[in-house]
2 protein chains.
Amino acid sequence: MVKSQSELTAGEWAIIQAVWDNEPCAAPTIQEELEKKTGWSYSTVKTMMDRMVAKGLLRTQRIRNLILYNSVITKKEAQRGEIMRAVKRAFGGAMTPMMQFLLDSKSLTEEELNQLEAMIKSKKEKAKK
Amino acid sequence: MVKSQSELTAGEWAIIQAVWDNEPCAAPTIQEELEKKTGWSYSTVKTMMDRMVAKGLLRTQRIRNLILYNSVITKKEAQRGEIMRAVKRAFGGAMTPMMQFLLDSKSLTEEELNQLEAMIKSKKEKAKK
DNA sequence: AATAGTACTCTACAAGTGTAGAGAAAGTCA
DNA sequence: TGACTTTCTCTACACTTGTAGAGTACTATT
């Protein structure tokens, strides 16, 4: 239940997504990758990455003259953190109301509903075992 | 689909929840209400509230010497905003992967799964009509 | 009118975040 | 070896957020 809350900012999300796709990778790689999306300069990206290292979100290894970055948290952990934040802030920490809200508010297609139903079914199967 | 993104900070969430429960209400009321939870002083609360007015999250009306606050956005809108932020950041905007994640990661009880299933069923009924 | 209480205004500050320029260091090629 | 390229380091700045003190204004009461 307790989680060492990895809450990422919008900028950190952008960075870490690129890292997940490329790790181990150098800062310039990430900068190039994000160029189109964000327009960030090299300095911007590098600064953010180094701050993320300080925070324990990324880790570096130096090979001669090059610094390679790796992610410390997995995508799943980060996603979980993001969801936990939302559910904590907006739904007082209660999961099912949030699920309900999602079902109610979002116009899910028939297709998606079927998918969900299937997911639930298999989930229940598994639980039964 | 497009939404004038109401993204609230943690502090703003605390404030606006109290406002929803009391509006129209004066700043001291909110401060008293949040005292236990947050320990914030009057100045802190007032400052945040006024910033939220500047941002268009709250609205004021002055009655003689007293300033009354009202929320501009509804709880549903704010909840929606919070979820949209999560889904946008962590799931590239795709709803179903997020739902799936929720089903997978969270150990929902049999009970909760049944509830969800029922929700989906009634949702599908409604869609059919 | 002087006092006390209540609510408001103004100002401030530290930490965090987005953003980036200028310059240093090291490797590469002519 | 000098010039160029690549990557890194250092420094900085504005804006947001959390946080609050000090002082002002208005009301009610003695």
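Hydrogens, waters and symmetry mates are skipped; everything else that's a heavy atom, side chains included, is used. Residue numbering restarts at 1 for every chain, and letters A, B, ... go by the order of the sequence lines.
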Fill in the blank from the handout: Protein-proximity profile, nucleotides 16-30 of chain C, B/S/- by nucleotide at the 4.0 Å heavy-atom cutoff, equals -BBBBBB---SS---
Handout entry: Nearest heavy atoms of B:V53 and B:R59, plus distance in Å
Key = CG2-N, 4.5 Å
Exercise for the section: Round to a whole Å and report the spacing from CG of A:D50 to P of D:dC10. Expected result: 10 Å
Completion exercise
By side-chain hydrogen bond (donor to acceptor under 3.5 Å, both in side chains), B:T29 pairs with (sequence neighbours left out) none
Exercise for the section: Apply salt bridge (charged side-chain N to carboxylate O under 4.0 Å, His left out) to A:E23 and list each qualifying residue two or more places apart in sequence or on a separate chain. Expected result: none
Exercise for the section: Please report the closest heavy-atom contact between B:Y69 and B:M49, naming both atoms and the distance. Expected result: CG-CE, 3.5 Å
Exercise for the section: May I ask you to decide whether A:E12 forms a salt bridge with A:R51, counting only side-chain N to carboxylate O separations under 4.0 Å? Expected result: no
Handout entry: Rounded interatomic separation in angstrom, taking CD1 from B:I15 and C1' from D:dG18
Key = 11 Å
Exercise for the section: Using the test salt bridge (charged side-chain N to carboxylate O under 4.0 Å, His left out), find all partners of B:K121 that sit at least two apart in sequence or belong to another chain. Expected result: none
Exercise for the section: Measure across B:E33 and B:A18 and return the closest heavy-atom pair with its distance rounded to 0.1 Å. Expected result: CG-CB, 4.2 Å
Problem - Distance-only donor-acceptor check, side chains A:T47 and A:T44, under 3.5 Å - result: no
Exercise for the section: Could you check how far CG of B:L68 sits from C1' of C:dT6, rounded to whole Å? Expected result: 15 Å
Practice task
Please round to 10 degrees the angle between the axis of the first five pairs and the axis of the last five pairs in the helix from C:dA1-D:dT30 to C:dA30-D:dT1.
Solution key: 20°
Fill in the blank from the handout: Rounded to whole Å, the CE-P distance (A:M49 to D:dT7) equals 13 Å
Practice task
Give the rounded distance in Å between these two atoms: NZ of B:K37 and P of D:dG18.
Solution key: 16 Å
Practice task
Give a yes or no on whether A:M95 and A:I120 share a hydrophobic cluster (residues Ile, Leu, Val, Met, Phe, Trp, Tyr; joining criterion: side-chain heavy atoms under 4.5 Å apart).
Solution key: yes
Practice task
For the pair A:R80 and A:E77, evaluate salt bridge (Lys or Arg N to Asp or Glu O under 4.0 Å) and give the outcome as yes or no after the intermediate values.
Solution key: CA-CA 5 Å; A:R80 179 178 186 74; A:E77 284 166 349; over 6 Å; no
Practice task
Compare side-chain N and O positions of B:R62 against OP1 and OP2 of C:dT9 and report whether any pair is under 4.0 Å apart.
Solution key: yes
Exercise for the section: Could you check how far CG of B:L66 sits from C1' of D:dA28, rounded to whole Å? Expected result: 15 Å
Exercise for the section: Respond yes when some side-chain nitrogen or oxygen of B:K46 is under 4.0 Å from OP1 or OP2 of C:dT9, and no when none is. Expected result: yes
Problem - Sub-4.0 Å heavy-atom contacts from residues 18-36 of chain A onto DNA chain C, ordered by number - result: none
Exercise for the section: Starting at CE of A:M48, measure out to OG1 of A:T9 and round the result to the nearest 0.5 Å. Expected result: 5.5 Å
